[in-house]
Structures are given as structure tokens and as C-alpha cells.
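These notes concern the structure reproduced below.
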Amino acid sequence: MNQGIFITMEGPEGAGKTTILHMLGELLTDMGHSVLITREPGGIPISEQIREVILNKVNTAMDSRTEALLYAAARRQHLAEKVLPALSEGKIVLCDRFIDSSLAYQGYARGLGMDEVYSINQFAINGVMPDLTIYFDIDPALGLERIASNGEREVNRLDMEALHFHEKVKEGYMLIIEKWKERFFIVDASQSLERVLEQTASKVYQVISREAASR
Ligand code: TMP
């Protein structure tokens, strides 16, 4: 039985979710919570190795189903080796991307079908879903502009997709949010970093109190 709280962050490229996730992690740690900050694909050596295969710019021959399976494989290992142990120790797990990324990117934008991608991911996650998912809402064109102007961020194989692909990703997310409304909290990521952090943190505090009251 999980005792911790599993929070995932989702959104198109350049939404700023990774920056916010780290800032939020610091706030929660300062408040005395035990926090694990991690990311997908990656977070542990096996999954970081899979990440390198998926995102390497030379791998242009990668088939879409292979891509979906590799994300699911990286997800399984990360969940089993890092996320589930942290949750059973009562930690707050802040994870940069999870199953919704596969549904939006592979299921919808690549056209594999959200149901198909959901079903291979069911095998990988075996019923584990986040308690809360924060969606960082940004116009994909603005997100890509932000990436282009941020010289420090590596440009990966998926970033190289055309704007149309990233617009489809956003459309996919909208369908996912419609389906799982109660799990999602949407933040307007075009606002200042301070505002985005403030709104994200206040939702997270609310969920922490709710979970504490229900246990
Ligand atoms: P990142 O840039 O947020 O680290 O994510 C890496 C890339 O992988 C990003 O382009 C989104 C993509 N991705 C998928 O397409 N499917 C997935 O399941 C995950 C976790 C990420």
C-alpha cells in the first residue's frame, strides 16, 4: 500500500515544468517534507540508457511502436526501482512526465492510438497512477521559441519535429485532461515563473492536506 504522494508534471516542450518542479521540490523540502525529484524517461541508470537510445538525434530510423515500447520499458524500470520504493517510504514523488506523455506524444501525435498506447502502458505501470498531475499549458509555438532561446537545454530528437507535431501533442493532452479531469490541475505556463510556482505550490499543498486527512 502506498503511503507517499505521487505527483507528475506534464506539458508540451518549453512549458517550464522542469524548472518549476525543482523549485517546488525545494519549497517542500524546506517545509520538512521528504521529497524525491525524478524524471522520465530516465531517473535511474537503466532508464537513462533507454532515454539516450530514444532521444539520440541519429536514431531517425526508429519506428513509432518501438519508440512507444521503449518509453514504456523505461517507465517500468523507473517505477519499480525508484518511484514505488520512495512512495512506500512515504515520500512526495515529483516526476517530470509519466504515462500522459506517452498518450499525448505516441498515442495521439504519432497516431498510434491512445487506447493502444494506454494498453501497453498498463502492462508497464500495473495500475499505478499519479495522485495529481499538473499540466503546464503553453502555446506550442511559444514553447518551441523558449527552447530555441535557451542555449543551455539540449535539443533532442522529438524537439526536432515540426510545429504541427507539437500542436498535435497539445491536442492530445486536451483529450487526456477531459478524460481524467479530477486528476489534473492546469496552470497557465505563459505567466511569470513566480505566478506559475505560486499556483502550482498552492495546489500541491491542498493535495498534501487532503491526502493527510484521508489517511
Ligand atoms: P523532456 O524534454 O521533458 O525531458 O522529455 C523528453 C522528450 O520525450 C520530450 O520530447 C517528450 C518525450 N516523451 C514522449 O514522447 N513520451 C513519453 O512517454 C515521455 C516520458 C516523454
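In what follows, residues are counted from 1 in the order of the sequence shown. Counting starts at 1 for both ligands and their atoms, following the listed order.
Between E67 and ligand 1, no pair of N/O atoms sits closer than 3.5 Å. Geometrically, ligand 1 and Q106 share a nitrogen or oxygen pair separated by less than 3.5 Å. Between K17 and ligand 1, at least one pair of N/O atoms sits closer than 3.5 Å. The shortest N or O to N or O distance between E13 and ligand 1 is under 3.5 Å. For ligand 1, none of its N or O atoms has an N or O atom of E40 under 3.5 Å away.
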Is there a side chain to side chain donor-acceptor pair (under 3.5 Å) between R97 and Y105? Walk through the geometry before answering. CA-CA 11 Å; R97 299 192 180 280; Y105 282 78; 3.2 Å; yes

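Listed by number with element, the atoms of ligand 1 under 4.0 angstrom from any heavy atom of L158 are 10 (O), 12 (C), 15 (O). Listed by atom number, the atoms of ligand 1 under 4.0 Å from S101 heavy atoms are 16 (N), 17 (C), 18 (O), 19 (C), 20 (C), 21 (C).
Taking a cutoff of 4.0 Å between a charged side-chain nitrogen and a carboxylate oxygen, E48 and R39 qualify as a salt bridge. A salt bridge links E67 with R110: at least one charged nitrogen is closer than 4.0 Å to a carboxylate oxygen. The pair D137-K170 counts as a salt bridge, with a side-chain nitrogen and a carboxylate oxygen less than 4.0 angstrom apart.
Between Y135 and Y173, the ring planes are tilted. Angles from 30° to 60° get that label.
Geometrically, R75 engages F98 in a cation-pi contact, judged by NZ or CZ lying under 6.0 Å from the ring centre and within 45° of the ring axis.
Taking only non-hydrogen atoms, the option from L55, I99, L103 nearest to atom 6 (C) of ligand 1 is L55. Between the choices R97, H166, R51, the shortest heavy-atom distance to atom 4 (O) of ligand 1 belongs to R51.
Remark: of the listed residues L103, I176, I125, L103 is the sole one forming a side-chain contact (heavy atoms from CB on, under 4.5 Å) with Y118.
For the pair R75 and ligand 1, a heavy-atom separation below 4.0 Å is found.
The closest protein non-hydrogen atom to atom 18 (O) of ligand 1 is S102 OG, 2.6 Å. Nearest non-hydrogen protein atom to atom 2 (O) of ligand 1 is R153 NH2, 3.0 Å. Scanning the protein for heavy atoms near atom 21 (C) of ligand 1, the closest one is Y71 CE2, 3.4 Å.
Here the straight-line distance linking atom CE of M9 with atom OG1 of T18 works out to 9.5 Å at 0.5 Å rounding.
No hydrogens or angles considered: nothing links the side chains of E40 and S101 as a donor-acceptor pair under 3.5 Å.
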